[in-house]
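Here the structure is laid out as structure tokens; the discussion comes afterwards.
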Amino acid sequence: MHMSDALISPTVGGAMWVTAAATTAYCAKRIREEDDPAKIPLMGVAGAFVFAGQMLNFTIPGTGSSGHIGGGLILALLLGPEAAFLVMASILTVQALFFADGGLLALGCNIFNLGFWPAFLAFPLIYKQIVGSRPTPLKVLVGSVLGAVVALQLGAFGVVLETARSGVSLLPFSAFAMLMQPIHLAIGVVEGLVTAGVAMFVLRAQPELLERTASRLSVAGLRLKTVLASLIVAAVVAGAGISWFASSHADGLEWSIERITGTTDIHVEGPLHAFLANLQGRTAVLPDYGFPVPGDNAPKNAAPGHVVEPVEGPGREEPGSEGSEREPAWPNVDPGASTSGLVGAGIVLALTMGVGFVLKQRAPSGKTPVKVL
């Protein structure tokens, strides 16, 4: 559900950048007030895990489409809303800059759509209300599925609204919504099951972690080695190997656009779009989650003033292919994908822990509150 710049106007993109930046500043302030340094390693490892998880597209049976987890609810139940939003913003920034997954102009939209709804609505108002103070496997399953479904439905509708408000693509609002909402309902159910699986594992390994996170209590003193080790192993295995088995079908956003326009490529004219496309072509060291093609320093078919962008990575396209053509081989044993999974997870791990340490250094002196009301 990572939007490309081809769907967004400068006005909408700029407004969502401001919204995402303001929310990020608020979250950073709350994390400083919490002053819970024991949470920093968990932020890094959880971020690496979600980054790798987002690489694993799964087929939606009977549709010819695929989806991947957003991971926002997983982050929220492990870290709390504010830390979850900061980690998701870090993941999406790394994806946009280093892998050309999601546009730079659309980065504010992507951070809000994938970070705000699960962290600040689905987790506190759905998951926590259902699971309560005495979690059981059934409560966790119901809360996870309902929370993930609602978060993805709101995120998908956000994509539709932002695209319609931008008015730079030929995507009718009603038709786009009628495709986006049902396909992301199916994706949300799968994400809910994955979220429940992670939550149930943590309940067995360190149940107090979920209880403290839900109550905004410090995680200091908890033995988190099993949780941290398991998540980092899962991230490495997913990014380095399981990513070969990811579905080659168009994801929910691409699939919806293709049903309306007949292609997943969107043509946009404008100097800002061209500038950002060229900039992203230079920063993306592993574009589309693979090794770059020699001589290709910009998104496919990009030219000054006339940008043609894939709607979303990781597309797993045949090197040198055009348009929405995709690699037919499955599994796609690709060292570029493995490298991307490991490098990306490592960058996210370092970035999120770095953010945590910076906020810890700036925490109010003499104050170490255990609980933030």
Side-chain angles (χ1 to χ4, degrees), residues 27-28 30-50 52-53 69 71-88 90 115 118-148 151 191-235 348-349 352-353 355-357 359-360 363 367-373:
C27 291
R30 292 298 297 260
I31 294 299
R32 285 199 303 271
E33 292 171 349
E34 269 185 27
D35 190 22
D36 186 9
K39 188 184 288 185
I40 294 174
L42 186 59
M43 288 173 62
V45 171
F49 173 76
V50 169
I69 68 166
L73 188 57
I74 293 175
L75 294 174
L77 63 87
L78 291 175
L79 304 170
E82 293 82 14
F85 186 88
L86 289 181
V87 172
M88 181 59 74
S90 300
F120 292 105
L121 189 141
F123 174 66
L125 302 183
I126 298 176
Y127 178 87
K128 280 178 60 176
Q129 300 305 315
I130 292 174
V131 174
S133 60
R134 295 183 179 180
T136 65
L138 180 58
K139 288 180 180 179
V140 168
L141 176 62
V142 174
S144 297
V145 172
L146 287 181
E191 173 158 4
L193 294 175
V194 173
T195 301
V198 173
M200 289 179 187
F201 164 74
V202 176
L203 277 176
R204 291 194 296 270
Q206 181 51 274
E208 199 172 347
L209 171 61
L210 299 184
E211 296 171 12
R212 292 197 186 186
T213 299
S215 301
R216 293 185 177 273
L217 295 171
S218 170
V219 300
L222 294 183
R223 294 186 178 182
L224 299 176
K225 289 183 179 180
T226 300
V227 174
L228 294 174
S230 299
L231 290 179
I232 202 66
V233 167
V348 170
L349 175 67
T352 51
M353 289 188 67
V355 169
F357 280 120
L359 294 178
K360 173 190 172 185
K367 296 180 180 180
T368 311
V370 175
K371 184 171 181 178
V372 178
L373 295 178

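For the single chain, residues carry numbers from 1 onward in sequence order.
Closest approach of Ala122 to Ala151, counting heavy atoms only: CB-CB, 3.9 Å. Heavy-atom minimum distance, Ala48 versus Ala235: O-CB, 3.8 Å. A pairwise comparison of heavy atoms in Ala119 and Pro81 identifies O-CB, 3.3 Å as the closest pair.
Inter-residue side-chain proximity for Val355 and Val87 is flagged as unmet; no heavy-atom pair is nearer than 4.5 Å. The shortest side-chain heavy-atom distance between Lys225 and Leu228 does not fall under the 4.5 Å cut-off. Residues Ser90 and Phe85 form no side-chain contact, since every pair of their non-hydrogen atoms from C-beta on lies 4.5 Å or further apart.
To the nearest 0.5 Å, the span separating OG on Ser215 from CG on Leu210 amounts to 10.5 Å. Interatomic distance, Ser144 OG to Ile74 CD1, rounded to the nearest 0.5 Å: 8.5 Å. The CG atom of Leu231 sits 11.5 Å away from atom CG of Leu349, with the distance rounded to the nearest 0.5 Å. Taking OG of Ser230 as the reference point, atom CG of Leu224 lies at 11.5 Å (rounded to 0.5 Å). Separating the CG atom in Asp36 from the CD1 atom in Ile31 is a distance of 8.5 Å, to the nearest 0.5 Å.
For Ala28, the side chain to side chain contact (heavy atoms under 4.5 Å, CB included) partners at least two apart in sequence or on another chain are Arg32, Leu359. Taking the ring-ring contact (aromatic ring centres under 6.0 Å, His included) definition, one finds that Phe123 meets it with Tyr127, sequence neighbours left out.
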Report, one line per pair, each donor and acceptor closer than 3.5 Å where one atom sits in a side chain of residues 195-209; sequence neighbours left out.
unit_1, atom_1, unit_2, atom_2, d
Thr195, OG1, Glu191, O, 2.8
Gln206, OE1, Glu208, N, 3.4
Gln206, NE2, Arg223, O, 3.2
Glu208, OE2, Arg212, NE, 2.9
Glu208, OE2, Arg212, NH2, 2.8

Could you list the donor-acceptor pairs under 3.5 angstrom formed by side chains in residues 38-47, with sequence neighbours left out?
unit_1, atom_1, unit_2, atom_2, d
Lys39, NZ, Glu34, OE1, 3.0
Lys39, NZ, Leu79, O, 2.9

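Checked by atom type and distance alone, the side chain of Ser218 pairs as donor or acceptor with a backbone atom of Ala220 at under 3.5 Å. When atom types are taken as modelled, the side chain of Thr213 and the backbone of Leu78 share a donor-acceptor pair closer than 3.5 angstrom.
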Before giving the answer on side chain to side chain contact (heavy atoms under 4.5 Å, CB included), spell out for Leu193 and Leu141 the whole-Å C-alpha distance, their side-chain angles and the decisive distance to 0.1 Å. CA-CA 7 Å; Leu193 294 175; Leu141 176 62; 3.8 Å; yes

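Applying the salt bridge (charged side-chain N to carboxylate O under 4.0 Å, His left out) rule to pairs touching residues 73-87 yields Glu82-Arg216, sequence neighbours excluded. For the salt bridge (charged side-chain N to carboxylate O under 4.0 Å, His left out) condition, no pair includes a residue of residues 126-138, sequence neighbours left out.
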